[in-house]
Structures are given as structure tokens and as C-alpha cells.
Amino acid sequence: MTELTAADLRTIFQAIGDAIEADKSRLSELDGVIGDADHGVTMSIGFTAVNEALAKLDASADPTTVFNTAAKSFLNAVGASSGPLYGTAFMRAGAAVKGKPTVDRDALADCIQAMAKGMQDRGKAERGEKTMMDAWLPAADAAQEAKARGDDAVACLEAAVAAAEAGAEATKAMLATKGRASRLGERAIGHMDPGAASAVTILKAITAAVRGL
Amino acid sequence: MTELTAADLRTIFQAIGDAIEADKSRLSELDGVIGDADHGVTMSIGFTAVNEALAKLDASADPTTVFNTAAKSFLNAVGASSGPLYGTAFMRAGAAVKGKPTVDRDALADCIQAMAKGMQDRGKAERGEKTMMDAWLPAADAAQEAKARGDDAVACLEAAVAAAEAGAEATKAMLATKGRASRLGERAIGHMDPGAASAVTILKAITAAVRGL
Amino acid sequence: MKTKKLINDPKVIIEEMLEGIVAAHPKHVRQVEGAPRAVVALNGPRKGKVGLVIGGGSGHEPTFVGFVGKGLADACPIGNVFASPPPDPIYECAKAASGGAGVLFMYGNYAGDVMNFDMAAEMAGMDEIEVRTVLTTDDIASAPLDQKEKRRGVAGNFFIFKIAGAACDTMKPLDECERLARKANAHTYTMGVCLSPCSLPQTQKYSFELGPDEMEIGMGIHGEPGVAKGPIQTADAVTDAIMDKILGEMKPNKGDKVAVLVNSLGATPLMELYLLNRRVKQRLDQVGVSIHQTWVGNYCTSLEMAGASITLLHLDDELTGLLDHPCDCAMFRAG
Amino acid sequence: MKTKKLINDPKVIIEEMLEGIVAAHPKHVRQVEGAPRAVVALNGPRKGKVGLVIGGGSGHEPTFVGFVGKGLADACPIGNVFASPPPDPIYECAKAASGGAGVLFMYGNYAGDVMNFDMAAEMAGMDEIEVRTVLTTDDIASAPLDQKEKRRGVAGNFFIFKIAGAACDTMKPLDECERLARKANAHTYTMGVCLSPCSLPQTQKYSFELGPDEMEIGMGIHGEPGVAKGPIQTADAVTDAIMDKILGEMKPNKGDKVAVLVNSLGATPLMELYLLNRRVKQRLDQVGVSIHQTWVGNYCTSLEMAGASITLLHLDDELTGLLDHPCDCAMFRAG
Ligand SMILES: Nc1ncnc2c1ncn2[C@@H]1O[C@H](COP(=O)(O)OP(=O)(O)O)[C@@H](O)[C@H]1O
Ligand SMILES: Nc1ncnc2c1ncn2[C@@H]1O[C@H](COP(=O)(O)OP(=O)(O)O)[C@@H](O)[C@H]1O
Ligand SMILES: [Mg+2]
Ligand SMILES: [Mg+2]
Ligand SMILES: [Mg+2]
Ligand SMILES: [Mg+2]
């Protein structure tokens, strides 16, 4: 892959949707332990809506339009916590590639960073609060570092995945201070945050899709 | 035993109560299959009330008073189908021994017949309708026949038990036309009627108690 | 494995429940002095009014006791769980409800209830209280049409009692109240399905068994088996099966009006009931029948049973007027 | 093993439920044209009145949508099961509820709801609709007293929305409506227990596990774990545990008045709720607190979860007047 076209982005969203679909039981079960058991359901509803909306989109749509369409359809299909977080994330990704006909390696890493930043602006969670930020923030940093090292797109994404996985794993040991699990105190310890888990699923799906392009 | 005193009748009611208590899960389970699963509960409530009321009764009370007290306390504690049926049965037993200070062999067989007749007057069920009548009516007849043969009290009761057991067993093959099970049609077939089952339990308890006096 | 319940000693569960009911609804109901199992409406019984006594076993709340109040029932004897009340509290209710114009006994058609209420009616008769009895038989799954008088009374009680209560509250004479109660019963059609069983407080065991994918069609409200067991179906298919049966008997004409009750047997949540109601409306639209009013919720339950029933009341002007008559009960208000 | 539900395609369950709701309550609610997830009171919004928008995830019925109607909420955006509605229907509700005097957003304090309602408030702001937000935080089990602002909103919503709705309906200005809503929230205390879990229509699997003899104390209304798991206790012991905690925080004086809500989380029947209410009354009698009014039933549910919650609203004259103000909603009436 050299540059991702808008069509490639659609392929990636499709890959994310498929991955979430395959993973949704596990995600809901993780949410059942410390939350309300719907995270897999919610993510599945969201990406189904995204891919339906993208399917209706004009073939000439640019990357920003793809991201904005994803943002709106995810948000409106989902609500919940994930809706505003991913809605904002995709909106910011769209802004990050504004005016560009394609997404190159640098822009890809920047997209990931913009997404993480958007989520954080929306949800106000810091690292260590046992949320999806514990996957997305390290992932964004790792992608930036890989980019700075001169890694190619796939390597950037692989670095992001590895960081997200470590971050998600680390949520097990955390007390929650944001989201539903924040009232659990000690009882949340030992369980992975479902939002961090789905972040890993998404990043892995992106990586595999980009690798395959 | 030659003649049953009022005190003996109380002992017998206690024995019935104990036997029902031991059997109540099975009776409720039988009722669960073709009715509303409460027959054991109801019989247990009834005989508990009876024995509580008898415990409060004056020591000089005669057999009729014992039966009437049992009738009222059973009826008022229970309601349901069993309440009016056993309430009427005990009332008729009381009438059958009216004025007598003790219950002899003949009177005992007559009591059982009066009970069965009272139940039938109250519930209007014929033999073959899959109710407790399918145990009580043959039992009453058997006791009368044994009495006519000159059997002693225990032998009369044993004949009643054997007839009730056969009658209860026979309810398995019957369609129900009275009571809750009457809407079941073919689905009632194969299952023993709980009221017939408890009739056997009661008659067995009476027999054992009289044997031990 | 014991079923889970928030209870104390099951021996006194009815007494404790009544204490909780009176504590919650002191402006609506009271217990008769010396007869705590007889519950009376504070603003119901009055001189010259036919008294309405409804009742039956406990475990169906808000049926029966919840429908005691001005404009509906005057008094309600309370039975044990799934057991008819005995004659004494019924008799106490008859006395409390009597305004000298006679008393109507209304209850579901079950052998136990018939025996106990009949005994109480005899007792009341000795006090010169004229008692008429109207049995409810709305469960169309419980016997074929040609044996209508053998059917059980289930959730349709709600409509039938409501109409009778309005007839009594508007000071109609006993004959007329009886006629209207019978008419309401004849115009009411219910059928239900059960998804999972209830358990009695005394046993804390499931009263019957249903396979993991099974439902029971035509279930009674005491856990009595229904018409048949079958695999669980969709909300639409279940509603269609029920509506086919109801409409087949009711035979409404285009332009007719009905009232609808979509009732939870206990554990089935409103979300599912509204799915059923959606399909009820579609089916009624298809045959050109209009809906006068709809009630959705827990009206006649079987403890924690999962499942639902659908009731249609086939209205005419007379019944509509009575249905719209206001009432203000312990657990229900209308108008 | 799949849990049993009367549903059709879970993908459209919310749309179908809304169709059923509007079919049942056409005199109370309608869906906004082009925005079916925005439900509006037919007789609610009007010129010069502060609009009240309440909302949240589905699955808690009658909360939230059932409380839409004259005298209570003007509009309600509908979320997926246990998921905040997205900003669009909230924004549609703000517009529909707006009478030019500002709009109050009220909902339970959950991260997702806060994000979505805040986004909608921004959108409404661009239309010059002044929006104020009052979060409900009545679940005293969900965070310690010194972190009151972190607590969840649960069944006490019912009282808090009722008070706010009355404030709006009596044409008070936005500042005053907001003040009263906050006051109602500050005076409302809820705690619940769960006996068995619910399941989502999409998963048909139990959302969490509870042992055969276990209950969860302080359960959230979405199946979020509570304070602790423990062995099932009697109705009295459970009520005492809850009342100890509530009274400990509320610190009522002798002669104070409260309103009581004993709420089923879904599958727990009225019989059990009234047992709890009996003990609530005994406890209040002991401390000389009188009960102004009691509600018992399914007011804020978690699908088919078994369990119950107890809510006390600590009344003063101002709150009492508003609580008594009549309302006429899709699934609830008072006054
Ligand atoms: N303020 C927040 N910032 C970032 N992530 C959050 C925040 N609040 C919750 N989350 C994430 O949302 C996830 C739950 O999402 P989901 O189950 O879809 O929504 P809901 O909590 O509304 O049911 C949590 O596991 C957590 O990772
Ligand atoms: N009309 C009747 N005559 C005689 N026995 C009857 C009649 N109706 C019902 N029964 C008996 O009552 C039994 C059920 O009693 P029980 O469970 O205590 O009452 P309920 O049916 O009110 O729950 C049935 O098994 C049957 O034997
Ligand atoms: Mg969740
Ligand atoms: Mg029975
Ligand atoms: Mg019974
Ligand atoms: Mg959720």
C-alpha cells in the first residue's frame, strides 16, 4: 500500500464491521462483568450502520466524506457511550485528512492520533481510568513514534496494535473512574475494559485490511 | 382398639397432619403436572390449622365437637377446592357420630362413608372424573363391605386403604372432567390426581394410628 | 435449587402482603375488623347500591384486590396463593358490600372458588342479603366454544369487573347489574402463552416444566397446563395465533370497536408487551376494527411467570359507556 | 441456552416497540415526523412553558417514555436497549418541547447519556433554545456521600421527573424549574437489590451471573454490578438494609413526611413488593415519619430482571404541592 483511497477506506470499514461482528459476544460478555453487557451489541449496531451508509455513498466521495459519513451514521445508530466517542473520533479523522484525495502513511498515523484526541476531548478520560482511552492513547503514540522512525503504514499500524493490546491488558489491573464501571471500586479489578478490548479488535482489523490492500 | 375416644380422634388428626407434612412435596408436584402445584401446600396448611385448633379444644369435647372443629378450621385456613370438600366431610363425620361419646367399629366405617358422601354433595363429582372421589368413594364402599363381613376396625380401614390406592392408581388413566385438570383433555392422562393421592395418604395415616392405639 | 423470592415466613405471607397493601393504599382500602382477609373499599359501598364482591386466590395481583375502590369492586376476600378464599371472608365481604340492593359475586370459574363462594352466598342469604353470581369464563383456550361455561376466568376479569363495577356504581338495580356483568363476560376473549413457570412461596420450586425452547400455549393463570406445548415463536406469530383464535370467535364486523388488554403474566417486560400490541393493532386495522382504548401492563399475573395474554372486549355503546365510567382503586385508576 | 423472549427481529425492536406504544396511547404521545425516535406529548408543550425532556436507554419501561404527558415530561428521545439516545432525537425533542421559555434536560447520570445530551444541548443552543441540564443521582449505593455527583440515576427518576414536570406545567420560569428539579434530586434516595439477571434482546444471554442463593445489593438498573454479592435474605432483612442506608443519609426528623416508591426491576411480583412496603411502613413508623403517598409496582425496570428497589422522597411543602400536581401520561396518571 502506498496511499489509501476513499474506496480503500470503505474496505477498511467493512473489515472493522466484520471483525466486530465476529467478536461481539465476547465484547458483550466483557461488558456484562463490569458494565451493562451491551458493548458488543452497540459496536455491531454502529458498524452495521456505518457500512450501510457508506454503501449508499457516491463513488466519488473523498476520504473526509467517508469519515464524516461514518461518524454520523455510527453516532445516530448507537448513542450510548461509544456513539459520541467514535462519532467524534471519525469526525476528527475526517478533519485530519480534509482536502486530501488519499490518505498516505503520515496521514494514517495522524488520523489515529486525531481519533484518540477526539475521543479524549469528548469523554474527558485520562489514561489509567479503565476505558478505551487506555488502548487508543498508547496506540496513537505508538503510531506516531513508528511514523517518526520512518516505518511504513503497516508497521505503524502494527505498532499501534501492540500498544493497544498492552493497554487493554493493563486495564485489567485498573480501578475504573469513568463510565459504568466507575461505581464498582475494587470489584472491577481483574477484568478487561470492553471498550479497550474493542479498540484492539478495530485496530487489528484495520491493520489486516491495510496489509491486504 | 375397641372404641375411639375424642382423644384418640385428636391423635389420629395429628397422625394425618404428620403424614401430609411428610408427603407435601410429592402432592404439590403431582398437582404441578395437571393443576396449580399447591395441593400439598394446601393440605399442609389445612391440617396444621386443624391440629392447632384441636390443641386449643377443651379436654371434655366429644367426637362431634372434634370433627366440627376440624371442619371449620380446615375450611377457613384453606379455601381452595380441598377446603369445602374436607370441611364438609368432617362436618358430616361429626353428624354421623352425633351424641356418641366414642366411635366404635361400625361408626368408624359410617364416618368414612359420611365423609365421602359429604364431599360428593359438595363437589358433585362422580367416579371416573379424576378427583379425590375416585379414592374416597371406593374406600367408603370397601369399609362398608368389611364392616358387613364383620371385620374389625383396623381391617375395615385396611380395606378402605386398598380400595383408595386402587382408585388413585386408576385416576392415571382417566380424563378429568372436574377441577382444574378438566381443561387438559388428553394431556391429563398418565398422571395421578393429587386429591386422590392425598386421600390415600390420609387413609393410611388413619389406619396406622388406629392400629397403634 | 430453590427459586429466589423476597419473602419472610411463607406461613404468614398473605397477612404480610395485606399489611403492605393497606399501608400503601390507606385511602382506598381497609380490612374488615376481625376479618383481616376481607378487604373493603373506603368509598365504595353505599345505601341502595348493588355491592360488587370480586375475589379469588392470591398471586395474581393487581387482580383481585387491586381493583377494589370507588367505581369498581366494593370488597374482595383474599385467598391463599392460587387458592379460593374460604367462605368466611367472602361472607364478610358480602356484608360489607351490601347496601340493601343485593350483592354481585364475580370470580373466575374454578371448582374451588365456586364451592367457597356458593357456601358464602348461602350464609349471606341467611342474613337476607340477595346474592347473584356471575362467573368469568374469558379464557377461550380453556374449553371449546360449545363448552363455553367450562372455561376459566383469566385476565379478561379486568374488563368484566370494570363493566360490572360501573353498572353497580351508577346505581342500577341488581337484575341490570347481573345482566351487564354477564354481557361483559360474553363479550370478552382472552388467550395467553407462558414462557417460563412460576413457583409458590411455600415450595420455591417451579410449578411445572418447560423445555429451554418451549412455550405453553393457552396457559392458565395458576400454572395449569394449556392447550399445547410448542417451540417459542416470534412476538408476531404468537400474536397472530391468539388473534386468529379470538377474532374467529368474536367475528367482528367492519367498523366495530374493541378495548384491548395486553397483559404480562409477571416477568414479561413492557417492551415485549408493546411488541404484541403493535401486532394486535395491525390485525385489528386489517379487519377494520377500531380500538377504543388499550391497556398494557401487569393486570392479571401468575407470580413471576413469564408470558403474556391478549384480551379483546367487543364493545357496543352500552359497554363503552360503562368502560369509560371513572374508577379509583387501590392499584388502578380510569376515567 | 437462549433466554426466552416474545420478540421479532431484535434489529428493529425499538421501532416496533414504539409502534406498539403509539398504538396503545394515541391520545398521549406521538412520534416526531421524520424522527421516530423522538416521542412527544400531545398535550404537553405550549408557549411560555419550560419544556421538559427526559430520556435514556430503552428497557426500563415505563421509564422514560411512559412518563410523557401533560403535567410531566413533554418529550422523550428513545435510545437502544440500555444505551443513551444519540444527539439527533434528543435535539428533535428539545425543539418539540420548546415553548420559548427554555428546555430542561433530565436524565440519569451515565457517561453515555451525558455525552449525547450535551451534544444535543449544543445543537439546541445554535437554535437559540436555552437548555439546562439536571442529572438524576438518586442511587445511594452507587457512590459514597462525598461523591454524590458520581451517583447513578435509577427508580427515583420517577419522583424527580414528576416534581420537575409539575414545576414546568405550572409555568414557572426556567431558573425555578431547574432549582426545583435539583432540589427533588437532592431529596430522593434509592437503593435496590437484584435476585436474577436480565438479558438483552440481541444476545438472549444473561448479562451477568448470580449464584443460586445469591443476590446483588446495590444493583444498577442496567445490570451493572452493585456494592456486593451476598446470600439471599428475607424481605424484612433486605428492606432493613436499604432503609438503614436511606434513613442514615436522609436523617429525617420526627414528624417529617416522605413519599415512597417500591419498585420492581421487572420480574418481581407485587406480592413481594408489598412485603417490602410493609416493612418500609414499619420502619418509618418507628422514626415517626409519615407517608404522604406510596407507589408500588413496575416504575423503573431492567427488562426481566428480578429484584426491587425502594425510594424515599423527603418532602417539604413545596415538593408536596408539586408531587400532588396532576399528570396524565402514556403509562402513568396522578392527581
Ligand atoms: N468518558 C469516557 N471516555 C472514554 N471511554 C469511555 C468513557 N466512558 C465509557 N467509556 C468506554 O465505553 C465503554 C462502554 O461502551 P458501551 O458499552 O458501548 O456504552 P455504555 O456504557 O453506554 O453501555 C467502556 O468500556 C469504556 O471503555
Ligand atoms: N368437584 C370436585 N369434587 C371432588 N374433588 C375435586 C373437585 N374439584 C377438584 N377436586 C379435587 O381437588 C384436588 C385439587 O385440590 P387443591 O389443589 O387443594 O385445590 P385447587 O384446585 O383449588 O388448587 C384435585 O386433585 C381433585 O382431586
Ligand atoms: Mg455497555
Ligand atoms: Mg391445586
Ligand atoms: Mg390452588
Ligand atoms: Mg449501554
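Below, chain A is the first sequence line, B the second, and so on; all start at residue 1.
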Quick one: which of [options] has the most heavy-atom pairs under 4.5 Å with chain B, could you say?
| options | answer |
| --- | --- |
| P87(C), G223(C), G220(C) | P87(C) |
| P86(C), G79(C), G56(C), G112(C) | P86(C) |
| P10(C), A228(C), G57(C) | A228(C) |

For chain C, the option from [options] that forms the most heavy-atom pairs under 4.5 Å:
| options | result |
| --- | --- |
| A37(B), A80(B), G32(B) | A80(B) |
| A125(B), G79(B), G123(B) | G79(B) |
| V33(B), V41(B), I45(B) | V41(B) |

Let me see the donor-acceptor pairs closer than 3.5 Å between chain B and chain C, or none if nothing turns up.
residue : atom : partner : partner atom : Å
E29(B)  : OE2  : K205(C) : NZ           : 3.3
N76(B)  : ND2  : D88(C)  : OD2          : 3.2
A77(B)  : O    : N80(C)  : ND2          : 3.0
A80(B)  : N    : S84(C)  : O            : 2.8
A80(B)  : O    : N116(C) : ND2          : 2.6
S81(B)  : OG   : G112(C) : N            : 3.4
R180(B) : NH1  : H222(C) : ND1          : 3.3
R180(B) : NH1  : E224(C) : OE2          : 3.0
R180(B) : NH2  : F82(C)  : O            : 3.4
R183(B) : NE   : K150(C) : O            : 2.9
R183(B) : NH2  : N109(C) : O            : 2.7
R183(B) : NH2  : K150(C) : O            : 2.9
R187(B) : NH1  : E216(C) : OE2          : 2.7
R187(B) : NH1  : G226(C) : O            : 3.0
R187(B) : NH2  : E216(C) : OE1          : 3.4
R187(B) : NH2  : E216(C) : OE2          : 3.1

Contacting moiety of P225(C), where chain B heavy atoms sit under 4.5 Å: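 Backbone plus side chain of P225(C), per the 4.5 Å heavy-atom cut-off to chain B.
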Region of V114(C) that comes under 4.5 Å of a non-hydrogen atom in chain B: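 For V114(C), no heavy atom lies under 4.5 Å from chain B.
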